[in-house]
Amino acid sequence: MFKIGVIGSGKGSNFQAIADAISNGSLSGVEIAVVISDNPNAYILERAKKLGIPAVYIAPGKFKTKLEPEIEAQYVETLKKYEVGLVVLAGYMRMVKNVMMNAYRGKIINIHPSLLPAFPGLESFKQAFDYGAKIAGCTVHFIDDGMDTGPIIGQRAVAVYDDDTPQSVHERIQVEEHILYPACVKLIAEGKVRLDGRKVYVQGKFPEINNLIK
Ligand code: GRF
């Protein structure tokens with residue numbers, strides 16, 4: 001079994017999409033070993049409990065956008081305890097710092113609601129909308145030391161229409177996220193993804209991780 005740990009601060013729809021893909025057989029050989037949250041009220045923890053997956057809350061300490069090294073060490077301890085080989089950030093609202101990077105460099109992935117490198121940071125769907133972009137989307141990437149700067153594994157694009165709102169754009173993006181993220185996890189679990197510097201090479205052509213592929 002390829003064991004993953006999911007870390008999230010919010011509603012957990014991407015976690016749910018991965019869990020659903022496992023239970024309907026499209027993501028076989030993968031097990032969600034643990035879910036961790038920095039938010040005691042995050043719905044992602046409820047979702048995990050409903051599925052019988054260990055759901056762990058780790059109190060975040062004094063910072064808003066990162067964790068102190070001692071607290072990151074608790075994350076690493078928990079991930080190791082559950083023998084996690086891939087860390088999947090799904091709506092995790094903090095920067096990953098050294099302790100976790102040193103333990104899992106090249107083995108942490110994130111999903112971001114824009115076509116990176118456009119619109120890094122918060123509420124990227126709103127940034128794209130406010131900017132007047134006609135195409136928005138989502139990106140799954142490996143984490144590096146920067147914010148939303150890591151090597152890109154896959155992207156899916158959506159149209160932005162004149163009568164959209166930031167929320168309607170986000171909803172459209174999330175539909176694509178729920179296709180993109182399970183597919184990226186599957187390809188990594190199958191050993192089809194190779195990271196080489198800034199580039200990610202995927203063995204084969206998969207429209208699930210790039211909806212412009214013909
Ligand atoms: C997603 O839009 C993701 O791209 C961003 O945060 C949101 C998380 O949504 N990083 P959910 O908690 O998975 O529903």
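Fair warning: this is a prediction, and the values are worked out from it, not measured in the lab. Whatever order the structure lists ligands and atoms in, that order sets their numbers, starting from 1.
- In this structure, ligand 1 sits under 4.0 Å from heavy atoms belonging to Lys11, Gly12, Ser13, Asn14, Gly91, Ile111, His112, Pro113, His170, Gln174, Glu177.
- Applying the side chain to side chain contact (heavy atoms under 4.5 Å, CB included) rule to Glu83 yields the partners Lys3; only residues at least two apart in sequence or on another chain are considered.
- No donor-acceptor pair closer than 3.5 Å links the side chain of Asn14 to the backbone N or O of Ala90.
- A side-chain donor from one of Lys11 and Gln174 sits under 3.5 Å from a side-chain acceptor of the other.
- A donor-acceptor pair under 3.5 Å links the side-chain atoms of Thr139 to the main chain of Ser114, judged by distance alone.
- In summary, the aromatic rings of Phe119 and Tyr131 are positioned with their centroids under 6.0 Å apart.
- One finds the OG1 atom of Thr65 at 7.5 Å from the CE atom of Met95 (value rounded to the nearest 0.5 Å).
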